[in-house]
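Residue numbering restarts at 1 for every chain, and letters A, B, ... go by the order of the sequence lines.
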Amino acid sequence: MNLEILLSQKVTETIKTLYCKEYSQAISFQKTRPEFAGDITLVIFPFIKISGKGPEQTAQEIGNYLKEHCKEVENFNVVKGFLNIEISAAYWLEFFKNISQNKNYGFAEKSSGKTIMIEYSSPNTNKPLHLGHIRNNLLGYSVAEILKANGHKVIKANLINDRGVHICKSMLAWKKWGNGETPQSSGLKGDHLVGKYYVEFDKQYKTELNKLIAKGIPIEEAEKKVPLLLEVQEMLRKWEAGDNETIALWKMMNEWVYEGFEKTYKALGVDFDKIYYESQTYLLGKSMVEEGLQKGVFYKKEDGSVWIDLTADGLDHKLLLRSDGTSVYITQDIGTAIERFKEFPELNSLIYTVGNEQDYHFKVLFLILEKLGYKQAKDCYHLSYGMVELPHGKMKSREGTVVDADDLIEEMIQTAAEKSKERGKTEGMDDAQLHQLNNMIGLAALKYFILKVDPKKKMLFNPEDSIDLNGNTGPFIQYTHARIRSLVRKAQEQFSNYSSVATSLPGKEEISLLKHLYYFPQVVAESGEKFDPSLIANYIYDLAKQFNQYYADVAIFKEENETVKALRIQLAEATGKVIKNGMQLLGIQVPERM
RNA sequence: GGCCCCGUAGUUCAAUGGAUAGAACGGAAGUUUCCUAAACUUUAAAUACAGGUUCGAUUCCUGUCGGGGCUACCA
């Protein structure tokens, strides 16, 4: 049984017996700080009103009672208002027997019966992916894995932003200045080729804008009159009208981009169950605007544009349809959401993995869905993550201040390869194995670097210093795993008996590792509730660190007592398993040797 | 201007309202006849400022200062 639940019951019983009062509130425990003896700590302050005594005396009394009446409690000590409880080695041994037999330790055993759709990635098809997208993809993928581990049915969705004025910008620039360049003719990856023209558009736009400003036209007015902008708007109208030539160009360029994305996704190790295209959902959004108008939720201005008044909810007026009848971002999102409600009536939750710069957008979106009468609006959740910043500020695709995803992945693999070579511990591996290992290590460094940070917080990436491979990093954890596997291999060769059930009581060092393993299921559950992979990342790091300490302190194979030796090897093996399972939830693979 | 988020060692990150605020990198000093030194050990170094709430505040509230985002007929 779970230790906290067990002790909670005992404490409630204790209070009742000692002080003749019911304590109905939840009793909370915390981990005992390492500088004190004990495994788990009860904070006494909430009980002093009931006991009518000082914290130390209350703690003594509760501790005495627990020690006498609870066989799991071996001993206790009191420091100020804290009751530090030592759990018996016998309890830890029982616990260990359970986890070493459970292959999926930490993961939910039963289905929760819930279905959750998580949307992530959602790229625009006008430029290649950059570091910001990497955070999005890794976060979305990891949260999906974590939710599965919590017993939910998960649908991973990718909504491709394949249409809109930004897409037309790349198209127009290519049409004007591309001279028929293709991925084949240029040797460029498709998404990079298209991105090149997106940047080109911006460059030309600015040139034209400056010409207008030089003529003395006020900036605000000039911005709307740049010929290139008028052309691109015309192109969007043609696209929405189904103009053959425009559609053909659009299809061709989007195909280039998809081929490029496919490679990046594969390199990152992310995947999807369901792909949506905005080009196929925006019309539904438009019809929803009609519906909203009829219901009186929306209103139309004289110029024909459609709006919603959200001032009563503390927000602003929001545009839903342009005066020329074309749709905007939120129009499409309304359509997509409603389509999903209809397609998956069983959906318990719909999670959008999108950066926090869109907090306002999603607030508005969910409010509109609610006002349109969709009760599923309350099941929608914006998984809002912080931006990845560079030392000089935000990344901007148009201005070319981006860290390209493909470049960064390649660079990390290179760094890993150099380090592997330098260490020279991989002899006996053929080229393919070595390549696979370096891939694994390079990606672990990148993924862990991003996922160890609380998703809600913005994070900084400095391209000048490459991502570390030592310290609190993915490769550190991988290394610990490789060491453990090496131990286990050796045990299998030299000591065939090691896998028999452990019978030796764990010592102090073993218990501190066991305590750590004990918390894994709780961490998986909490990270699932909070949609926060960083909890798992930090947990695994602490576990690996603790194991390395153990490894340095205790010589496992030197131990003469066979049952003690067996316990240690099994403990190492269990630790390796938790590391592997935890890293899997982060989308990170761990090697058998490195 | 309005709304939202954030200020923790030199740097990058931790800390359900709990004990002496943890790590990593970088700095200083050590550990290899022993299971993988991508490791381990020791060490210096931080809660922007001012109030409030309480047994107790990095955490909650108010204000000041500083940073970022949104406030587009961009997405």
Side-chain angles (χ1 to χ4, degrees), chain A residues 28 30 32-36 41 43-45 48-49 55 79-82 84 122 124 126 161 164-167 169 223-224 233 278 301 303-307 314-316 319-324 326-330 332-333 354-361 363 384 386-387 389 393-394 416 419-420 422-423 425 441 445 449 452-454 456-462 465 467-480 482-491 494 526 534-535 537-538 541-542 544-545 547-558 568-569 572 593-594:
Chain A
S28 70
Q30 53 187 269
T32 304
R33 295 182 69 115
E35 59 266 36
F36 301 109
T41 295
V43 182
I44 294 299
F45 296 109
I48 55 178
K49 273 184 193 157
V79 181
K80 297 185 196 166
F82 299 89
N84 300 321
S122 304
N124 293 316
N126 61 344
N161 287 275
V165 75
H166 56 300
I167 311 294
K169 286 177 181 174
E223 277 174 346
K224 291 176 183 168
Q233 284 167 347
E278 281 199 347
K301 279 193 183 173
D303 62 5
S305 58
V306 178
W307 299 74
L315 306 173
D316 295 320
L319 176 89
L320 298 169
L321 210 58
R322 295 190 186 100
S323 52
D324 66 1
T326 57
S327 56
V328 291
Y329 182 45
I330 201 157
Q332 308 170 145
D333 272 3
V354 181
N356 65 10
E357 57 192 350
Q358 294 191 35
D359 285 355
Y360 183 77
H361 171 80
K363 219 171 174 179
S384 165
M387 298 288 101
E389 287 178 5
K394 219 182 139 179
K419 181 81 182 210
S420 290
E422 192 183 296
R423 288 188 77 234
K425 296 246 172 166
I441 296 171
F449 175 79
K452 77 170 182 191
V453 181
D454 182 342
K456 290 191 290 295
K457 296 188 179 171
K458 66 172 185 224
M459 62 181 293
L460 192 111
F461 175 78
N462 188 350
D465 4 305
I467 296 171
D468 260 312
L469 303 182
N470 297 330
N472 186 355
T473 66
F476 167 89
I477 296 167
Q478 289 179 316
Y479 172 72
T480 310
R483 253 182 170 183
I484 289 170
R485 296 308 301 167
S486 168
L487 265 179
V488 172
R489 277 194 302 274
K490 193 166 178 185
Q494 300 184 1
E526 194 186 349
S534 76
L535 298 176
N538 287 313
Y541 171 68
D542 286 338
K545 198 170 162 55
F547 181 83
N548 281 329
Q549 246 172 60
Y550 180 75
Y551 186 91
D553 289 348
V554 177
I556 293 172
F557 281 98
K558 266 195 171 175
R568 289 179 177 173
I569 294 165
R593 40 179 306 208
M594 69 186 271

Inset, instruction - Begin with the C-alpha distance, continue with both residues' side-chain angles, and end with the deciding distance and a verdict on side chain to side chain contact (heavy atoms under 4.5 Å, CB included) for L487(A) and Y551(A). - result: CA-CA 10 Å; L487(A) 265 179; Y551(A) 186 91; 4.1 Å; yes
Inset, instruction - Tell me, with the steps shown, if V43(A) and S28(A) meet side chain to side chain contact (heavy atoms under 4.5 Å, CB included). - result: CA-CA 7 Å; V43(A) 182; S28(A) 70; 5.5 Å; no
Inset, instruction - Before giving the answer on side chain to side chain contact (heavy atoms under 4.5 Å, CB included), spell out for N356(A) and K456(A) the whole-Å C-alpha distance, their side-chain angles and the decisive distance to 0.1 Å. - result: CA-CA 8 Å; N356(A) 65 10; K456(A) 290 191 290 295; over 6 Å; no
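Rounded to whole angstrom, the span from the CG atom of D465(A) across to the P atom of rU12(B) amounts to 10 Å. For N126(A) and rC74(B), the CG to P distance is 15 Å, given to the nearest whole Å. We find that CZ of R483(A) is positioned 14 Å from P of rC34(B), with the value rounded to whole Å. One can place CD1 of I477(A) at 14 Å from C1' of rA39(B), the figure rounded to the nearest angstrom. Atoms NZ (K545(A)) and P (rA39(B)) sit 9 Å apart, rounded to a whole Å. Protein atom CZ of R322(A) is 10 Å distant from nucleotide atom C1' of rA72(B), rounded to whole Å. Atom CZ of R593(A) is separated from atom P of rA37(B) by 14 Å (rounded to the nearest Å). Rounded to whole angstrom, the span from the CD atom of Q233(A) across to the C1' atom of rA72(B) amounts to 12 Å.
Partners of K224(A) by side chain to side chain contact (heavy atoms under 4.5 Å, CB included), not counting sequence neighbours: none found. Scored by the side chain to side chain contact (heavy atoms under 4.5 Å, CB included) test, N462(A) finds P391(A), E464(A), D465(A) as partners (sequence neighbours excluded). Take R485(A) and apply the salt bridge (Lys or Arg N to Asp or Glu O under 4.0 Å) test, not counting sequence neighbours, and it matches E592(A). In this view, E389(A) satisfies the salt bridge (Lys or Arg N to Asp or Glu O under 4.0 Å) rule with no residue, not counting sequence neighbours.
Mapping E357(A) and L319(A) onto RNA chain B by nearest heavy atom places E357(A) closer to the 5' end of the strand.
Closest contact between the side chain of F557(A) and the listed nucleotides rA19(B), rC35(B), rC70(B) involves rC35(B). When distances run from any side-chain atom of S305(A) to the nucleotides rU20(B), rC73(B), rC40(B), the shortest one goes to rC73(B).
Put simply, Q549(A) has a side-chain N or O that comes within less than 4.0 Å of OP1 or OP2 on rU41(B). In terms of phosphate contacts, R33(A) brings a side-chain nitrogen or oxygen within less than 4.0 Å of OP1 or OP2 of rG22(B). Close to rU71(B), at under 4.0 Å from its OP1 or OP2, lies no side-chain N or O of K363(A).
Under the 4.0 Å criterion applied to side-chain N and carboxylate O atoms, R322(A) and D324(A) are not assigned as salt-bridge partners.
Among the heavy atoms of the strands lying under 4.0 Å from F36(A) is at least one base atom, whether or not backbone atoms are also near. Backbone-only engagement by F476(A) is indicated by non-hydrogen atom pairs under 4.0 Å involving sugar-phosphate atoms exclusively. Contact annotation for I441(A): base contact, defined as any heavy-atom pair under 4.0 Å involving a base atom. Among the protein residues, K558(A) comes within range of no part of the nucleic acid, since none of its heavy atoms lies under 4.0 Å from any strand. Using a 4.0 Å heavy-atom criterion, one finds that N84(A) contacts the bases of the nucleic acid, with or without backbone contacts as well. Among the protein residues, V354(A) comes within range of no part of the nucleic acid, since none of its heavy atoms lies under 4.0 Å from any strand.
The aromatic ring of F45(A) sits over the base of rG18(B), with ring centres less than 5.5 Å apart and planes inclined by under 30°. The aromatic ring of F82(A) sits over the base of rA19(B), with ring centres less than 5.5 Å apart and planes inclined by under 30°.
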Nucleotide N/O of nucleotides 13-16 of chain B paired with protein N/O under 3.5 Å:
residue: rC13(B); atom: OP1; partner: L460(A); partner atom: N; Å: 2.7
residue: rA14(B); atom: OP1; partner: D454(A); partner atom: N; Å: 2.5

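Distance alone, capped at 3.5 Å, is enough to place a donor-acceptor pair between the N161(A) side chain and the S122(A) backbone.
Under 3.5 Å, the side chain of S323(A) and the base of rC73(B) form at least one donor-acceptor pair of N or O atoms. For rA19(B), its base sits under 3.5 Å from the side chain of T41(A) at one donor and acceptor pair at least.
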Inset, instruction - Using a 3.5 Å limit on both pairing distances, list the dot-bracket string of RNA chain B from the 5' end; Watson-Crick and G-U wobble pairs count, crossing pairs take [ ], interstrand pairs take |. - result: (((((((..((((....[...)))).(((((.......)))))....(((((..]....))))))))))))....
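For K490(A) and F557(A), the positive end sits near the middle of the six-membered ring, less than 6.0 Å away and at most 45° from its axis.
Residues N548(A) and R483(A) have side chains that bring a donor and an acceptor to within less than 3.5 angstrom of each other.
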